[in-house]
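Please read the structure below before turning to the comments.
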Amino acid sequence: MAETERHPFLQGLSKHRGAPPTVVVIFGASGDLTARKLIPAIYNLGFDGLLPADFFLVGYGRKPIADDDFRKDAAAAITEFSRRSLDPAVWGRLEPNTSYISGGYDEKAAFDRLALHLADIEKKIGRELQPLFYISTPPNVFAPILVNLGASGLAAKYLGQPHHAKVIIEKPFGRDLDSARALNATIRSVLEEHQVYRIDHYLGKETVQDLLVQRFANSIFEPLWNRDFIDSVQITVAEEVGVGSRGGYYEQSGCLRDMIQNHTMQLLALTAMEPPGSLDAESVRDEKVKVLKAIQPLTIGPAGEVIRAQYAAGLMAGKQVPGYREEEGIAAQSGTETYAALRLSINNWRWQGVPFYLRSGKRMARRVSEIAINFRRPPGTLFADESARFDLAANTLSFQIQPDEGLSLILNTKIPGLETRTQPVKMSFRYAATFGSNTAEAYERLVLDAMIGDGTLFIRGDEAEASWKLYTPVLDYWRSVGRTGMDTYAAGSWGPPGADALLASRGHCWRQP
Ligand code: BG6
């Protein structure tokens, strides 16, 4: 394929071309994530020529599936979900190296069979393969899988060499501080931390990585990136979708666990952390942990710093949609929040006194994820008359994570004419306009990074715990009060009134992205 078809970000990145011969084993191979994201990601890496010449894929699941059927399912998944259509030449290289093993997750003998299967492949090609295990199952079997990876010797395979066994763990990483600690303890009993890749797919998004480039590759932002110049920060991750067919999972989770504790906190950490000494995994994650630990415990309860709400019936794109408690698999009296908004204070030299507002919700007016940095207003003296009439705006720098990825800056500008009248205008950069729109998906980058042993874009164990430490008291409180204090918002709106009040108490208001 032509070099120009490759994603520009991947061109010329030599470390990403150096993945050793690898076998990826997916636990949960017949699951939704495997079909929607993992198989298409692997296929696209193959398309871009980023997989090693010796690459094998093994699906593992409870369901008995013949190798041929698994291959057919994989091809169907690529056809349906890949960003590029199925190229027979690319798939022709992957297909014969794809196989399936069925077994229970707590069945040691099945893991021994898996170990033999991997050894057989190695014997056949006459070389060692780096084992990369991808745990993409429901969380109740994370621990048995880890234990059996240990017991079967797979977890320690090639330890001490660069192509040692590696394990990617999907979310959710625990459901509170205790369970995250327990999971970390199980991990530590079979793996060394450097073998572990805890996924937060937001870190694989191009624009999230660009946040670091924008902050640290440009000299104009960093001098302003502090309490002296920044008034507040708003992080929004709004979705149009409802819970759909995921009611069973979502009822047990809710917005705080599903989105805030992980995705929005990662956005916050990258926005607020100190410049790392280098871009290696430990330096970046050390800085992220430091800033997460500097966040003050939240004030909880009536008039506290966290708002929760559920969507009620409403209109989405002109179509009537049901409320959360009318959705399939949801209890009529459900106490699970589909929206959360909060105010965080970071107690360090850089951010003291700057509120960080976070919000996320399902069935909101528009799908948009963005980070908005609101700068302090200029002193109003010079344009006082005009600004009274024409609104001298605060400068806002916003990183549009998705969709319509880009960056924009709001500046006050003179309206042409004899009078000095001002108007806020937006200066924008759009990825699609500059780089084209067929960018790599988050999972492509993340699977490749794990394959080359780069943990920068993955969550470290202490990072997961630092975030849970902040939110566990909130979850405990909500559990203790049931539905008391649960707000509602109409599907298709920007959230409940309580979220507006949270900002209004500090003289702020939410952006309408
Ligand atoms: C997942 C959540 O982690 O992220 C989902 O479980 C959510 O509920 C999804 O819809 C959002 O991801 P994205 O990439 O579509 O913004």
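Because only heavy atoms are used, hydrogens play no part in the values below, and waters and symmetry mates are left out as well, while side chains stay in. First listed ligand is number 1; within each ligand, the first listed atom is number 1.
The main-chain N or O of S245 is never found under 3.5 Å from a side-chain atom of E328 such that the two would form a donor-acceptor pair.
Between Y134 and Y443, the angle of the ring planes lies from 30° to 60°, which puts this pair in the tilted group. Note: F70 and Y100 have tilted aromatic rings, judged against thresholds of 30 and 60 degrees for the angle between ring planes.
Applying the ring-ring contact (aromatic ring centres under 6.0 Å, His included) definition to pairs two or more places apart or across chains, those involving residues 462-494 are Y339-Y489.
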Between ligand 1 and the protein, find all N/O pairs closer than 3.5 Å and give the distance for each.
unit_1: ligand 1; atom_1: 3 (O); unit_2: K171; atom_2: NZ; d: 2.8
unit_1: ligand 1; atom_1: 3 (O); unit_2: H263; atom_2: NE2; d: 2.7
unit_1: ligand 1; atom_1: 6 (O); unit_2: K171; atom_2: NZ; d: 2.8
unit_1: ligand 1; atom_1: 6 (O); unit_2: R246; atom_2: NH2; d: 2.9
unit_1: ligand 1; atom_1: 6 (O); unit_2: D258; atom_2: OD1; d: 2.6
unit_1: ligand 1; atom_1: 6 (O); unit_2: D258; atom_2: OD2; d: 3.4
unit_1: ligand 1; atom_1: 8 (O); unit_2: R246; atom_2: NH1; d: 2.8
unit_1: ligand 1; atom_1: 8 (O); unit_2: D258; atom_2: OD2; d: 2.6
unit_1: ligand 1; atom_1: 8 (O); unit_2: K362; atom_2: NZ; d: 2.8
unit_1: ligand 1; atom_1: 10 (O); unit_2: E239; atom_2: OE1; d: 3.4
unit_1: ligand 1; atom_1: 10 (O); unit_2: E239; atom_2: OE2; d: 2.5
unit_1: ligand 1; atom_1: 10 (O); unit_2: K362; atom_2: NZ; d: 3.2
unit_1: ligand 1; atom_1: 12 (O); unit_2: H201; atom_2: NE2; d: 3.1
unit_1: ligand 1; atom_1: 14 (O); unit_2: H201; atom_2: NE2; d: 2.8
unit_1: ligand 1; atom_1: 14 (O); unit_2: K205; atom_2: NZ; d: 2.6
unit_1: ligand 1; atom_1: 16 (O); unit_2: Y202; atom_2: OH; d: 2.5
unit_1: ligand 1; atom_1: 16 (O); unit_2: Q402; atom_2: NE2; d: 2.6

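Ring centers of F142 and F173: at least 6.0 Å apart, outside the cut-off.
Each of R285, K166, R198, R188 was checked for a salt bridge (Lys or Arg N to Asp or Glu O under 4.0 Å) with E193, and the lone residue meeting it is R198.
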